[in-house]
Amino acid sequence: MIDTHAHLDAFGERVPEVLDRACAAGVTRVIAVGSGLDSCRATLALAERNEGVFCALGIHPHQAGAEDAGGLAKLGQLLRHERAVAVGETGLDYFRELAPVSAQRALFEAHLSLACELSLPVVIHSRAAARDTASALARFQGTVILHCFSDQELLPVALERGYYLSFAGNVTYPRAHDLRAAAALVPAERLLVETDSPYLPPPPGRGRQNEPAFVVHVLRALASLRRQSPDELAARIDANAASAFGLP
């Protein structure tokens with residue numbers, strides 16, 4: 001079983017126990033996400049110390065107005081590490097708009113160029129920005145993973161273009177009817193699961209900090225929704241992740 005999106009560096013000194021609990025739950029691989037240069041360096045260090053950890057490295061759209069946004073050359077160097085398997089998360093966030101829209105767009109384009117240069121997939125964060133996200137990605141010919149998918153407006157584009165859609169704990173929430181309807185439409189070969197930990201804990205972890213072990217609850221919810229056995233869906237998602245991220 002794999003968690004395709006977790007901010008492991010957020011756990012600090014507790015990473016070993018978090019990974020032990022994940023392994024006990026059957027989660028043997030994690031795509032750890034670096035957001036910002038310091039976070040990317042810390043995430044790479046975690047991957048070097050833990051066999052089942054791989055990295056997606058990027059500068060989050062919330063950071064587009066910060067100093068790190070000028071560090072794309074340094075990010076490119078980090079992405080050449082053998083444990084780096086994707087660029088991101090990158091994209092656009094007009095919901096919170098913690099950085100100017102123009103800066104977000106420029107940073108997004110720079111990440112896409114870097115992914116082309118390095119032949120790496122991109123992990124996309126898109127919130128209240130479906131039209132501009134789709135427009136920017138129309139020119140990108142590589143693999144696209146829509147992380148923590150929740151933007152219904154992006155669904156037709158994602159299905160038409162063959163993007164991977166990754167679902168997190170929020171797909172299990174009682175009011176997430178539209179999100180579950182979207183998850184039911186995704187072709188089996190384009191489905192991924194994640195925790196986005198330490199955020200968005202699914203039941204029974206509500207009120208607690210999310211962690212990779214809880215991805216099994218997301219998997220079970222999707223398996224029930226899609227009328228599959230959890231084991232069957234876990235095998236399918238592991239194969240999808242291996243293809244999307246080029247995992248061994």
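Heavy atoms only: backbone and side chains are in, while hydrogens, waters and symmetry mates are out.
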Side-chain donor or acceptor of [X] paired with backbone N/O of [Y] under 3.5 Å:
| X | Y | result |
| --- | --- | --- |
| Arg161 | Ala134 | yes |
| Arg127 | Glu97 | no |
| Thr172 | Gly169 | yes |
| Arg41 | Gly36 | no |
| Arg236 | Glu189 | no |
| Gln152 | Ala182 | no |
| Asn240 | Leu192 | no |

In the single-linkage hydrophobic clustering (I, L, V, M, F, W, Y; side-chain heavy atoms under 4.5 Å), do [X] and [Y] co-cluster?
| X | Y | result |
| --- | --- | --- |
| Leu107 | Leu78 | yes |
| Tyr199 | Phe95 | no |
| Leu200 | Ile145 | no |

task: Describe, in one word, how the ring planes of His62 and His125 are oriented to each other, choosing from parallel (under 30°), tilted (30 to 60°) and perpendicular (over 60°).
output: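 Because their plane-to-plane angle is over 60°, the rings of His62 and His125 count as perpendicular.
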
Between [atom1] on residue [X] and [atom2] on residue [Y], distance to nearest 0.5 Å:
| X | Y | atom1 | atom2 | result |
| --- | --- | --- | --- | --- |
| Leu46 | Asp9 | CG | CG | 6.5 Å |
| Leu146 | Leu137 | CG | CG | 7.0 Å |
| Ile2 | Ile31 | CD1 | CD1 | 4.5 Å |

- prompt: Is there a side-chain contact between His111 and Val122 (heavy atoms, below 4.5 Å)?
  reply: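 Answer no - side chains too far apart.
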
message: Checking Asn210 against Thr195 for the side chain to side chain donor-acceptor pair (under 3.5 Å) test, could you report, in this order, the C-alpha distance in whole Å, the side-chain angles of both residues, the deciding distance, and whether it holds?
response: CA-CA 7 Å; Asn210 200 7; Thr195 57; 4.5 Å; no

query: If you measure from the Lys or Arg side-chain nitrogens to the Asp or Glu carboxylate oxygens, is any gap between Arg80 and Glu117 under 4.0 Å?
result: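 Yes.
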
Summary of side chain to side chain donor-acceptor pair (under 3.5 Å) pairs that have at least one residue in residues 134-143, sequence neighbours excluded: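 Matches after skipping sequence neighbours: Glu109-Arg139.
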
